[in-house]
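Values below: every heavy atom of this structure, side chains too, minus hydrogens, waters and symmetry copies. Residue numbers begin at 1 in each chain, while the letters A, B, ... track the order of the sequences. All of these numbers come straight from a predicted model, not from anything done at the bench.
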Number of protein chains: 2
Amino acid sequence: MAGKKNQKPDYEKMLRKAGVRITRPRRVIVDILAGTDDHPDALEIFRRASAVDPGISLSTVYRTTKLLEGLGAIHRHAFEGGPSRFEQAQGEHHDHLIDLDTGDVIEFKSERIEQLQNEIAEALGYDIIHHRLELYGRKR
Amino acid sequence: MAGKKNQKPDYEKMLRKAGVRITRPRRVIVDILAGTDDHPDALEIFRRASAVDPGISLSTVYRTTKLLEGLGAIHRHAFEGGPSRFEQAQGEHHDHLIDLDTGDVIEFKSERIEQLQNEIAEALGYDIIHHRLELYGRKR
DNA sequence: ATGCAATTGCAAATCGTTTGCAAAAAGAAA
DNA sequence: TTTCTTTTTGCAAACGATTTGCAATTGCAT
Ligand SMILES: [Mn+2]
Ligand SMILES: [Mn+2]
Ligand SMILES: [Zn+2]
Ligand SMILES: [Zn+2]
């Protein structure tokens, strides 16, 4: 899952299509997101962006992640405790297991669970718009 | 599920066992939690508590919910968007479907999903400490 | 009733995030 | 290119939810 993201998404094209300007800060931030398979939070993106261009502000990181999220280009995860973390919206859907000791995020996917979720919602008369499945655990 | 909570928990006994003092604010807050099957947030608990004793402060609501959570007497849910919401830790484990239009919280339980979660964690070499499964949807 | 530690209410602080605003940059048009 | 208009930026201040310091109050064991 991580490590085999389909192909690096063309965020610039997405931005262009969205009719927003392609600025230097956006290019930097977007490149960072497109080039990683982990789940950095805003501050971490800010650090990485600062290494490329020290002028970029944390505000712009927040504004850009929000913009990309709105475009469906990235996903936001509010894992318990910490700040929001982001990842590209490429690849197939998956859920996460968070290592309570290290904070590591491990991705997994269960077609069976996805299916059961749909059956449950169906039985309750609902359509699922999105969901959240997070396992919090420690190494055995 | 909601509406058929096993039996009203004796929070006073829990508090006593925890070695903390049974104060008027605590009694009021604890009674509110013990007497409802919904998922109120701190502000809502504060409103309900204020109706009983106008002197109770929001700080005390926060402190008491945190205390009860620490004792395992109540559960905290950080549904997306809003503030934390609480419910008694009685009854069997269940997960939630949140109505995106009304904010209503619907409880459900799937032994199959719980089982699959364990198998996934097992396969990854982890023990699940707790998890979060939330379906966000709208009426069909 | 007394004494002291635990708890409270209040106000101020905190954390992650958002926002107003004036200055800077994008990019369409000339 | 230069000009023009609009969007975007950085900064600082505001924000909402929650936590905290502190002095006053309370619970409760003696
Ligand atoms: Mn992921
Ligand atoms: Mn519930
Ligand atoms: Zn899923
Ligand atoms: Zn569950």
Original post:
Counting distance only, does the side-chain N/O of B:Y11 pair as donor-acceptor with the main-chain N or O of B:A73 below 3.5 Å?
Top reply: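 The answer is yes, because a donor-acceptor pair under 3.5 Å joins these two groups.
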
Just how far, in rounded Å, is [atom2] of [N] from [atom1] of [X]?
X     : N      : atom1 : atom2 : answer
B:E12 : D:dG27 : CD    : P     : 12 Å
A:E69 : C:dT18 : CD    : C1'   : 14 Å
A:I29 : D:dT9  : CD1   : C1'   : 11 Å
A:R27 : C:dA26 : CZ    : C1'   : 10 Å
A:L67 : C:dT17 : CG    : P     : 17 Å
B:I22 : D:dC28 : CD1   : C1'   : 11 Å
B:H77 : D:dA17 : NE2   : P     : 19 Å
B:R21 : D:dT25 : CZ    : P     : 16 Å

**OP:** Verify the contact: side-chain N or O of B:T23 to OP1 or OP2 of C:dA6, cut-off strictly under 4.0 Å; return yes or no.
**Re:**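 Answer no for this pair, as no side-chain N or O of B:T23 is under 4.0 Å from OP1 or OP2.
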
Original post:
Within less than 4.0 Å of OP1 or OP2 of D:dT19, is there a side-chain N or O belonging to B:K66?
Top reply: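 True: B:K66 side-chain N/O within range (under 4.0 Å) of D:dT19 OP1/OP2.
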
Original post:
When rounded to the nearest 0.5 angstrom, what distance separates CG in B:L33 from CZ in B:R48?
Top reply: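 Answer rounded to 0.5 Å: 9.0 Å.
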
Subject >> Value rounded to 0.5 Å, distance of CZ in B:F86 from NE2 in B:H39 >> reply: 12.0 Å

Original post:
Is A:R47 atom CZ crowded by more than 12 heavy atoms from other residues, nucleotides or ligands, each under 6.0 Å away?
Top reply: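 Yes, enclosed.
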
**OP:** Hey, which sits more toward the 5' end of DNA chain D by its nearest nucleotide, B:R16 or B:T65?
**Re:**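 Nearest nucleotide further toward 5': that of B:T65.
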
Original post:
So which of residues 41-63 of chain B are in contact with DNA chain D, with a heavy-atom cut-off of under 4.0 Å?
Top reply: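 Residues of residues 41-63 of chain B that come under 4.0 Å of DNA chain D are, in numerical order, B:S59, B:Y62, B:R63.
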
**OP:** Look at B:R138 together with B:D101 and state whether they make a salt bridge at an N to O cut-off of under 4.0 Å.
**Re:** yes

Original post:
Should the pair A:H93 and A:H131 be assigned to parallel (<30°), tilted (30 to 60°) or perpendicular (>60°) ring geometry?
Top reply: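 Taking A:H131 first and then A:H93, their aromatic rings stand perpendicular (interplane angle over 60°).
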
Original post:
Less than 4.5 Å apart, any side-chain heavy atom of A:D95 and any of A:E114?
Top reply: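 Yes, close enough: below the 4.5 Å cut-off.
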
Subject >> A:R24 (side chain) and C:dA25 (base): donor-acceptor pair under 3.5 Å >> reply: no

